[in-house]
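Following: one structure in structure tokens, then a few remarks.
The chains referred to below are lettered A, B, ... by the order of the sequence lines, with proteins before strands, and numbering in each begins at 1.
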Amino acid sequence: MNKYTPQDIEQSWYQKWEDSKYFAPSGTGESFSIAIPPPNVTGTLHMGHAFQHSLVDSLIRYKRMQGYNTLWQMGTDHAGISTQMVVTEQLAAEGIKPSDLGRGAFVEKVWDWKEESGDTISKQLRRLGASLHWETERFTMDEGLSKAVLEVFVRLYDEGLIYRGKRLVNWDPVLKTSISDLEVVSEEESGSLWHFRYPLADSPGEYLVVATTRPETMLGDTAVAVNPNDERYKHLVGKTALLPLVNRAIPIIADHYVDQEFGSGCVKITPGHDFNDYDIGRRHDLEIITILNEDASINENAPPKYRGMDRFEARTAVVADLDALGLLDKIEDHTLAVPRGERSGVVVEPFLSDQWFVDIKPLADPAIKAVEEGDIEFIPKNTENIYFAWMRNIEDWCISRQLWWGHRIPAWYDDEGNFYVGRSESEVREKHDLPEDVNLEQDADVLDTWFSSALWTFSTLGWPDKTPELETFHSTDIMITGHDIISLWVSRMIMMTLKFIGEVPFHKVYIHGLVTDADGQKMSKSKGNGLDPLDIVNGISIDDLVAKRTANLMQPRMAQKIEKATRKEYPDGIMAFGTDPLRFTFFAIASRTRTVRFDLKRVEGYRNFCNKLWNAANFVMTHVENQDEDLNSSEIQLTPVDEWITSEFQNVTTAVCFAMETYRFDLAAKAIYEFIWDEFCDWYLELSKPILNADTISDAQRRGTRQTLAKTMEATLRLAHPFLPFLTEELWQKLPESVRGSGETIMLQAYPATDETLINQVAQDDIAWLKKVVSGVRNIRGEMDISPAKEIPVMFANGTNEDRERLDRFSDLLIPLIRPEDLIWLEPGEEKPLAATALADEMEILVPMAGLIDKEAELARLDKEIERKQKDREKTEKKIGNPNFVEKAPEEVVQKERDKLKELDSALEKLNQQRMSVASI
RNA sequence: AGGAAUGUAGCUCAGUUGGUUAGAGCAUCGUCUCGACAAGGCGAGGGUCGUCGGUUCGAAUCCGACCAUUCCUACCA
């Protein structure tokens, strides 16, 4: 076998698995299903996706091998805003505006783009080894899912849970659509606080001072508010101010919302352009004036001078004009949270418009209850707080978007502005008895993408039809996603699924941490610190990486900085690590923390681990190839070494299964790593060599070890398969059929299960003893700088009968590991030579000093050991000396301490004696 | 402002229901080409478990306060 090169072995297996339809549900056994959090159909895979889907894939493979009827349902969503943006930008590059094309042609273009780029993400998922069921792949805009969306909309409307209304919404003036609260990101930015003087209408010369961060909105002011308890302004409540520039008389009102401490204590009220002001406006029945157009330019409700100006242009003009009138009191520096559209990056405006809403309370209440009562369990538990916090303060959901790409709202308007909701125009006509000569126009808006995603678990299974798939696989078992998705999607799925299916969409929600770079920084395009998972799999040159990170930047001036940082961090680019090492890294870092730092050093470490497994398999192969006679023989005798590794295999199997049942992917990975490297490779393979090679070993024992070697290797590959699918398949296929059976693929073999009868404490104790002896000698060699090649005399003294018996029994195994000149058992009373000493419990291991050992070095080594034991002894003695401890602690704990003290005393005595004799030279 | 989380070796993290000599990987130091593996073997060093209190016979683990860091929600116009 040649070197481990992941690229060579990973490419072909996936194709074979998929062609053989191994990912499809088996149709037998208890069902286990997971719905993929639908990636954007035109998007690309980022580290978060790769992390998430690796976790899911391990679970699915684990359950599939355990015999469950598994379904990992594939699908993508249409990502309304971002997809429309991408296509709009592409058209802009050709000098085409969407309005030039018209709605129908534009939507055609989007479908073209979907066809063109839609398989990127699928290819990427395949490269990661994701065992998704592709044959039933769904898309939120496909016919079936669109039917589900229609059905849900109409039913909710008929029940009065969807309504249309004029409300203040977050408005993106570039995309010219409403967006949800969750699509708005507010970050602190430095700005100014302008203080303006508003003259009082009835008292010439007197004025109020109001402060604002958005001067241009004053054009839409309809009141000034003060706190009712504010002594400074009490006398003004009920009076009128004269709005400068506009010359509108506006009332001075009292409202508890006003903070007396902030600014002047007077607040200008603009109900048309501020959410808080809107609420105040409703409380006080104020006029609502909209002064902006859809693109955030000033409209005809403002004085002629400002009409047509952009909002920021108007800001400057308003400030200048007020200053000229002597009404600018002062300007202060002020940091404020500026709301920007997540997609467009522009400042979002509160904007009054006609929108469709879901009356959310009736849906939210049962959804809250489902989690409270444990029908849905969040993992880790505390992430349910995010859910509860959102759900308990939930506001009606604005579901309409002023876009062309998406599910068009199924409402039709007649010429009088009456609207009718139904599954189609003809249904509407029939239902409302509208003859053909009544003109009907469908609502131009589309639905929020999350409206269709909310139906995901059941719409992908065929709803509204009653399909066998729905029957078998719903509710799904678990949803694995990030914490930012809880409000966006998880909550909406729970609400919609409870409403329409009457069951939960999933029983568990596993929330994974956010993948950051090695410094804990969120990966982002603008920071230029993002990694493409496939670049780690396939490798990338430094020039390509720099090009990728600096292309299409929103702030092109960052390019230089990004390039410098990138060249510093990856001077040679990224080497091709392969999928398995990348996946294993994801499992290893999937602990219960909020953020997981991703460090390529870890991938390198797990690549080394894969290499280790590869080489171990290589070794096993040389001992099982063409050995069918031995492998098939029933005349075998198992040595304690074989019984021990078999016993250890049961332990690791228990640990991995427990970890998977509790979604501790990190602990599963750790258990596998330690078993393979620290037990199987470091000890078992080494111990098997003398058995397989020595003449003194019986044929039956040799066969026993050969079979154990083969069986353990084969079972270990199955144990590791959900985590390292490609490597394990490759190695498993190489094993002879007499070892692995005649199955076609490892991914459909049975997952190992613990066999309690194979746990062998005696064998484990034997090997623990053997390890102690070997480690003792190795320690002396290492500390004394004795070459491993040099054969040294090794003596044993003061041992028990059991020690002596074990020494006899295991000397053949010990010899190759410790390379002694000879092994000598000293009888009690027999004189001990001056020697370096190690202890294996009671037994002393002696390496005579003559010509080998440096006196000072040995004294130092002994002192270190004595000091360590002395410290431990003091602690133990103190415990036992405490009458409260002896009285109150459980008997077994006290006894343990007593035994420990005895052992330490005996060890110390030996070490001190040894020290004296060495010192006396 | 409200809510939450985290603080363990130089770095990144494990540490189940309180009882281990507090562990691992990476990094560091020493050493070795011994027929699976230098992407390796063997050996070693490195920690007052953020600080101070409390509960307990016993605390990294439970409770409180404080300090530090991070995130989320709502924002003061």
Practice prompt. Starting at the 5' end of nucleotides 67-73 of chain B, put B wherever the base has a protein heavy atom under 4.0 Å, S where only the sugar-phosphate does, and a dash everywhere else.
Written response: ----S--

Practice prompt. Produce a footprint string for nucleotides 24-34 of chain B: one letter per nucleotide, 5' end first; B if the base is under 4.0 Å from any protein heavy atom, S if only the sugar-phosphate is, - if neither.
Written response: -SS---S-S--

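Comparing the P positions of C11(B) and G50(B) gives a spacing of 14 Å, expressed to the nearest Å. Rounded to a whole angstrom, the distance from the C1' atom of U16(B) to that of A60(B) is 14 Å.
Because its NZ or CZ atom is not both nearer than 6.0 Å to the ring centre of Phe885(A) and within 45° of the ring axis, Lys878(A) does not count as a cation-pi partner of that residue.
Along RNA chain B, the nucleotide nearest Thr212(A) and the nucleotide nearest Val893(A) are compared for position; the residue whose nucleotide lies closer to the 5' end is Val893(A). Toward the 5' end of RNA chain B, the nearer of the two residues Phe609(A) and Ala616(A), judged by each one's closest nucleotide, is Ala616(A).
For the ring pair (Phe, Tyr, Trp, His ring centres under 6.0 Å) criterion with His512(A), the lone passing option out of Tyr663(A), Phe51(A), Phe587(A) is Phe51(A).
Applying the salt bridge (charged side-chain N to carboxylate O under 4.0 Å, His left out) test to pairs two or more places apart or on separate chains, none has a residue in residues 598-607 of chain A.
Side-chain contact between Thr595(A) and Lys522(A): absent, with no pair of heavy atoms (C-beta onward) separated by less than 4.5 Å. A 4.5 Å side-chain heavy-atom check between Thr383(A) and Pro380(A) finds at least one atom pair inside the cut-off.
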Please tabulate the protein-to-nucleotide N/O contacts below 3.5 Å involving nucleotides 44-46 of chain B, giving atom names and distances.
from: A44(B); atom 1: OP1; to: Asn779(A); atom 2: ND2; distance (Å): 2.8
from: G45(B); atom 1: OP1; to: Arg868(A); atom 2: NH2; distance (Å): 3.4

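Not counting sequence neighbours, the partners of Asp841(A) by the salt bridge (charged side-chain N to carboxylate O under 4.0 Å, His left out) test are Lys772(A).
Salt bridge annotation for Glu903(A)-Lys869(A): absent, with no cationic side-chain nitrogen under 4.0 angstrom from a carboxylate oxygen. Between Arg861(A) and Glu858(A), at least one side-chain N (NZ, or NE/NH1/NH2) sits under 4.0 Å from a carboxylate O, which counts as a salt bridge. A salt bridge is defined here as a Lys NZ or Arg NE, NH1 or NH2 lying under 4.0 Å from an Asp or Glu carboxylate O, and Glu877(A) with Lys900(A) fails to meet this definition. Using a cut-off of 4.0 Å between Lys/Arg side-chain N and Asp/Glu carboxylate O, Glu730(A) and Lys734(A) are scored as salt-bridged.
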Discussion item. Let's test your reading of the pairing rules: Watson-Crick or G-U wobble, both distances under 3.5 Å, then write RNA chain B as a dot-bracket string with ( ), [ ], | and dots.
Written reply: (((((((..((((.....[...)))).(((((.......))))).....(((((..]....))))))))))))....

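Between the OG1 atom in Thr270(A) and the CG atom in Leu219(A) there is a gap of 9.5 Å [rounded to 0.5 Å].
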